[in-house]
Trainee: 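Mind having a look at this structure? Questions to follow.
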Amino acid sequence: MNRITQCMYGRGTVSGAMHHRDAPDKDVPSRYLAYTGMRRPVVFWNLTDRCNLACTHCYGNSGPARDTENELSTDEARALIDDFAETGVPLILFSGGEPLLREDIWDLADHARKKGIKMALSTNGTLITADIAGKIRKSGIEYAGISLDGATPETHDRFRNVPGAFARSIAAFSHCREAGVRCGVRITLTKENCGELGALIDLAVSVGAGRFCLYWLVPAGRGMDEYNRLQVGPEEVTDALGLLYRKAGAIDPGTMEFLTVDSPQDCIHLLASLERDRSPDLSDARTLIASSKGGCSAGDRVANIDPEGNVYPCQFARFPGFRIGNVRERPFSELWDDPENPVLTRFRQKPVRLGGRCGSCRHLELCGGGCRVRAYAVSGDFFAGDPFCYLQEPDNSAG
């Protein structure tokens, strides 16, 4: 993650991160996990592939007709949570599909809460009524990330392929606010909605979102089919990053936090902006970014489990060649700590020898070569340069 707000107000974040550096992972606030010595992963758990929507860019091919027969049972899911607790997993992010379609989600959340594991929810928001918001609060889930893919019903509903989705998602913010549930906006930026980014940020402020999280499109699931048509180019990326930087500077950091996901190289744009503005937080921002050890967290500080118990390095890496194992065959803790696992070895290798522009880039140590899943999905080569990279660096790889 590129935590724009935390780096722009780096002095406060540095002191907080240093204060928690040697604390047990379960005692570290979620906002500081990336800057500690934590080596236990945050788990993105796709509880189900069922979804009441059918989003154009879904990385999981989720939808109403997805089969649920092989999903982990409640007992299997509870046992998995027990294993998480034993191995010190600090945070579970319940995702999907639409995780609120999983009938036992409140039981699972209650079990995780009793085990002392922090929880967050990734949802499309359309199922959050006043009653459901109250259940989220009571369950111990600390945060709900609600997806919005446009500032207007026309844009959002087109992406979601269900009329009325926008109105119900917007209503979810009100229900969460009234129930005392912290929530934020999640957007996947594409060619079809990048022109609404400024209006969407303003909308996020008006509905009381405390976080604005921008995802870049990764070619996975249905996103693979739409990648070439929807992926933004370098100018659109730098325009978006510039807008986020300006908004983060203009909006009280206690009101809204800005961050981007799936593009570690975004930190280079942020540092350049801070340097241009002669920010007093530049040095601490560099310290924070360097403390995250450079590059993608997949397979190291992030793990993914799909509905059937397959383990992957991250939620976008659900390719057959990136399957680490299955929790029905071997406990997650054993899979994750296996030094012989070839998938984990590949993702954890630091520094990594990359080809293309990434291999010769002067920023490689900080960004780690961008997103390895995107590089593999586009080129078939795990060690290729990240095709999404927008940095205007010379390509010295030839010859």
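Counting begins at 1 with the first residue of the sequence.
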Trainee: Within the distance-only criterion (no hydrogens, no angle test), does the side chain of Asn2 pair as donor or acceptor with the backbone N or O of Thr260 below 3.5 angstrom?
Mentor: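 Not confirmed, Asn2 side chain does not pair with Thr260 backbone.
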Trainee: With a cut-off of 6.0 Å (strictly less than), are more than 12 heavy atoms of other residues, nucleotides or ligands near CZ of Arg229?
Mentor: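 Atom CZ in Arg229 is packed in, count exceeds 12.
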Trainee: Would a 4.5 Å heavy-atom cut-off, applied to side chains only, mark Val181 and Ile128 as touching?
Mentor: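 In short, these two side chains do not touch, never coming nearer than 4.5 Å.
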Trainee: If you count every heavy atom of other residues, nucleotides or ligands that lies below 6.0 Å from Glu334 atom CD, does the total exceed 12?
Mentor: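 Counting neighbours around CD of Glu334, more than 12 heavy atoms of other residues, nucleotides or ligands fall under 6.0 Å, so yes.
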Trainee: What are the two closest non-hydrogen atoms of Gly369 and Cys358, and how far apart are they?
Mentor: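 Heavy atoms of Gly369 and Cys358 come nearest at O-SG, 3.9 Å.
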Trainee: Given side chains that start at C-beta, do those of Arg177 and Cys183 come closer than 4.5 Å, heavy atoms only?
Mentor: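 Of all side-chain heavy-atom pairs linking Cys183 with Arg177, none is under 4.5 Å.
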Trainee: I'd like to know if the side chain of Asn46 pairs up with that of Tyr312 as donor and acceptor (distance under 3.5 Å, no hydrogens or angles considered).
Mentor: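 Distance-only check fails for Asn46 and Tyr312.
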Trainee: Whether the side chain of Arg372 engages the backbone of Ala384 through a donor-acceptor N/O pair (distance < 3.5 Å, no angle test) should be reported.
Mentor: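 Yes, the answer is positive, given that a donor and an acceptor are paired below the 3.5 Å cut-off.
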Trainee: Decide whether Ile251 and Leu214 are clustered together by the hydrophobic rule: side chain heavy atoms of Ile, Leu, Val, Met, Phe, Trp, Tyr closer than 4.5 Å, transitively.
Mentor: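 Same cluster.
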Trainee: Would Glu98 and Arg66 pass as an ion pair if we require N to O under 4.0 Å?
Mentor: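 Judged by the 4.0 Å cut-off on N to carboxylate O distance, Glu98 and Arg66 do not form a salt bridge.
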Trainee: Angle between ring planes, Phe388 versus Trp216, binned at 30° and 60°: parallel, tilted or perpendicular?
Mentor: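 Aromatic pair Phe388/Trp216 classed tilted.
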Trainee: Are any side-chain N or O atoms of Thr5 and backbone N or O atoms of Ala248, one a donor and one an acceptor, separated by less than 3.5 Å?
Mentor: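 Pair absent, no side-chain N/O of Thr5 close to backbone of Ala248.
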Trainee: Going from OG on Ser297 to CZ on Phe347, what distance comes out if it is rounded to the nearest 0.5 angstrom?
Mentor: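 Spacing of OG (Ser297) from CZ (Phe347) equals 11.5 Å.
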Trainee: Quick check for you: to the nearest 0.5 Å, what is the distance between Leu72 atom CG and Ile305 atom CD1?
Mentor: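 These two atoms lie 8.0 Å from each other.
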Trainee: Report yes if some heavy atom in the side chain of Val43 is under 4.5 Å from a heavy atom in the side chain of Phe84; otherwise report no.
Mentor: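 Side chain of Val43 against side chain of Phe84, heavy atoms only: contact under 4.5 Å found.
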Trainee: Rounded to the nearest 0.5 Å, what's the gap from CG on Leu282 to CD on Glu275? Could you check?
Mentor: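 Interatomic distance, Leu282 CG to Glu275 CD, rounded to 0.5 Å: 6.0 Å.
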Trainee: Looking at side-chain heavy atoms only, is the closest gap between Met119 and Trp45 below 4.5 Å?
Mentor: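 Result no, sub-4.5 Å side-chain heavy-atom pair not found.
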Trainee: Does one side chain, of Glu196 or Thr155, offer a donor that lies under 3.5 Å from an acceptor on the other?
Mentor: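 Side chains of Glu196 and Thr155: pair found under 3.5 Å.
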Trainee: Identify the heavy atoms of Pro264 and Cys371 that sit nearest to each other, and give their distance.
Mentor: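 Shortest heavy-atom separation between Pro264 and Cys371 comes out as CD-N, 4.0 Å.
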Trainee: Can you check whether Leu230 reaches Thr56 side chain to side chain, under 4.5 Å on heavy atoms?
Mentor: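 With C-beta onward as the side chain, the pair touches.
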Trainee: Please find the pair of heavy atoms, one from Lys191 and one from Gly233, that lie closest to each other, and give the distance.
Mentor: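 Answer, listing the atom of Lys191 first, then Gly233: NZ-N, 4.2 Å.
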Trainee: Check for a donor-acceptor pair, side chain of Ser73 on one end and backbone N or O of Glu76 on the other, with a separation under 3.5 Å.
Mentor: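 Checked: pair present.
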Trainee: Ignoring hydrogens and angles, tell me if any N or O in the side chain of Arg50 forms a donor-acceptor pair with the backbone of Gly97 under 3.5 Å.
Mentor: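 Not a single qualifying donor-acceptor pair exists.
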Trainee: Using the ring of each side chain (for Trp, its six-membered ring), is Phe212 parallel, tilted or perpendicular to Phe258, with breaks at 30° and 60°?
Mentor: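 Ring orientation of Phe212 relative to Phe258: tilted.
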Trainee: What residue among Phe382, Phe316, Phe319 forms ring-ring contact (aromatic ring centres under 6.0 Å, His included) with Tyr376?
Mentor: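 It is Phe319, the one option of Phe382, Phe316, Phe319 that forms the ring-ring contact (aromatic ring centres under 6.0 Å, His included) with Tyr376.
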Trainee: Can you tell me how far apart OG1 (Thr126) and CZ (Arg168) are? Round to the nearest 0.5 Å.
Mentor: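 So the gap between those two atoms works out to 5.0 Å.
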Trainee: Closer than 3.5 angstrom, by distance alone: can the side chain of Thr287 be matched with the main-chain N or O of Ser283 as a donor-acceptor pair?
Mentor: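 Here the side-chain-to-backbone pair exists.
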Trainee: With a 3.5 Å distance limit and no angle check, can you tell me whether Arg286 reaches the backbone of Leu271 through a side-chain donor-acceptor pair?
Mentor: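 Between the backbone of Leu271 and the side chain of Arg286 there is no qualifying donor-acceptor contact (under 3.5 Å).
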Trainee: Are Arg160 and Asp149 close enough for a salt bridge, meaning some N to O gap below 4.0 Å?
Mentor: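 Salt bridge flag = yes for Asp149 with Arg160.
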Trainee: Are Phe94 and Val327 co-members of a hydrophobic cluster defined by side-chain heavy atoms under 4.5 Å apart?
Mentor: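 Val327 clusters together with Phe94.
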Trainee: Would you check if there is a donor-acceptor pair between the side chains of Asp107 and Thr74 at a distance under 3.5 Å?
Mentor: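 No, no side-chain donor-acceptor contact under 3.5 Å.
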Trainee: Looking at every non-hydrogen atom in both residues, tell me the closest pair between Thr188 and Asn193 and how far apart they are.
Mentor: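 The answer is O-ND2, 3.0 Å.
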Trainee: Are Tyr215 and Tyr245 connected in the hydrophobic side-chain network, where two residues link if heavy atoms are under 4.5 Å apart?
Mentor: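 Yes: a chain of side-chain contacts under 4.5 Å links Tyr215 to Tyr245.
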Trainee: Checking Arg186 side chain against Gly145 main chain: does a donor-acceptor pair fall under 3.5 Å?
Mentor: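 A pair under 3.5 Å: no.
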Trainee: Can you see whether Ser333 engages Asp83 through a side-chain donor-acceptor pair at a distance of less than 3.5 angstrom?
Mentor: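 A pair is found: one side chain offers a donor N or O, the other an acceptor, under 3.5 Å apart.
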Trainee: Hey, is Arg182 close enough to Glu142 for a salt bridge, meaning N to O under 4.0 Å?
Mentor: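 Salt bridge flag = no for Glu142 with Arg182.
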Trainee: Give me the atom names and distance for the closest heavy-atom approach of Met8 to Leu274.
Mentor: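 Looking at all heavy atoms of both residues, the closest pair is CG-CD2, 4.1 Å.
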Trainee: What pair of heavy atoms forms the shortest contact from Ile117 to Ala85, and how long is it?
Mentor: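 Result for this residue pair: CD1-N, 3.8 Å.
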Trainee: Roughly how far apart are Leu101 CG and Thr48 OG1, rounded to 0.5 Å?
Mentor: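 The CG atom of Leu101 sits 6.5 Å away from the OG1 atom of Thr48.
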Trainee: Under the salt bridge (charged side-chain N to carboxylate O under 4.0 Å, His left out) test, which residues partner Glu308, sequence neighbours left out?
Mentor: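 For Glu308, no residue satisfies salt bridge (charged side-chain N to carboxylate O under 4.0 Å, His left out) once neighbours in sequence are set aside.
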Trainee: How many angstroms lie between CG in Leu197 and CG in Leu244, if you round to the nearest 0.5 Å?
Mentor: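 Rounded to the nearest 0.5 Å, the CG-CG separation comes to 5.5 Å.
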Trainee: Linking I/L/V/M/F/W/Y whenever any side-chain heavy atoms sit under 4.5 Å apart, do Val162 and Ile187 land together?
Mentor: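 Different hydrophobic clusters.
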Trainee: Going by an N to O cut-off under 4.0 Å, is there a salt bridge joining Arg78 and Asp104?
Mentor: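 No.
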Trainee: Could Asp82 and Lys114 be called an ion pair, given the rule that one side-chain N must be under 4.0 Å from one carboxylate O?
Mentor: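 Not counted as a salt bridge, because no side-chain N and carboxylate O are separated by less than 4.0 Å.
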Trainee: Partners of Asp157 by side chain to side chain donor-acceptor pair (under 3.5 Å), sequence neighbours excluded?
Mentor: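 If we apply the side chain to side chain donor-acceptor pair (under 3.5 Å) test to Asp157, skipping adjacent residues, there are no hits.
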Trainee: Considering only residues two or more places apart or on different chains, which pairs with a residue in residues 158-197 satisfy ring-ring contact (aromatic ring centres under 6.0 Å, His included)?
Mentor: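 Every ring-ring contact (aromatic ring centres under 6.0 Å, His included) pair that includes a residue of residues 158-197, provided the two are not neighbours, is His57-Phe159, His156-Phe166.
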Trainee: Flag yes if more than 12 heavy atoms outside Glu235 fall under 6.0 Å of its CD atom; otherwise flag no.
Mentor: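 It does not: Glu235 CD has 12 such atoms or fewer within range.
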Trainee: Can a donor-acceptor pair be found between the side chains of Ser379 and Asp381 at a distance below 3.5 Å?
Mentor: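 No, Asp381 and Ser379 have no side-chain donor paired with an acceptor closer than 3.5 Å.
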Trainee: When you measure from the centre of the six-membered ring of Trp106, is the NZ or CZ of Arg113 under 6.0 Å away and within 45° of the axis?
Mentor: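 Geometry flag: not set, cation outside 6.0 Å or 45°.
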Trainee: For Tyr390 and Asp266, does a side-chain donor sit closer than 3.5 Å to a side-chain acceptor?
Mentor: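 Yes.
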Trainee: Please check if Tyr143 and Ile132 belong to a single hydrophobic cluster, counting links between Ile, Leu, Val, Met, Phe, Trp and Tyr side chain heavy atoms closer than 4.5 Å.
Mentor: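 Cluster IDs for Tyr143 and Ile132 differ.
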Trainee: Distance-only, no hydrogens or angles: does the Asp300 side chain make a donor-acceptor pair with backbone N or O of Arg348 under 3.5 Å?
Mentor: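 Flag not set: sc Asp300 to bb Arg348 has no pair under 3.5 Å.
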Trainee: Return yes when atom CZ of Arg353 has more than 12 non-hydrogen atoms of other residues, nucleotides or ligands closer than 6.0 Å, and no otherwise.
Mentor: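 Counting neighbours around CZ of Arg353, 12 or fewer heavy atoms of other residues, nucleotides or ligands fall under 6.0 Å, so no.
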Trainee: With no hydrogens and no angle check, is any side-chain donor or acceptor of Arg328 less than 3.5 Å from a backbone partner on Asn310?
Mentor: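 Flag not set: sc Arg328 to bb Asn310 has no pair under 3.5 Å.
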Trainee: Using a strict 4.0 Å threshold on nitrogen-to-oxygen distance, state whether Lys247 and Asp202 make a salt bridge.
Mentor: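 Yes, charged N to carboxylate O under 4.0 Å.
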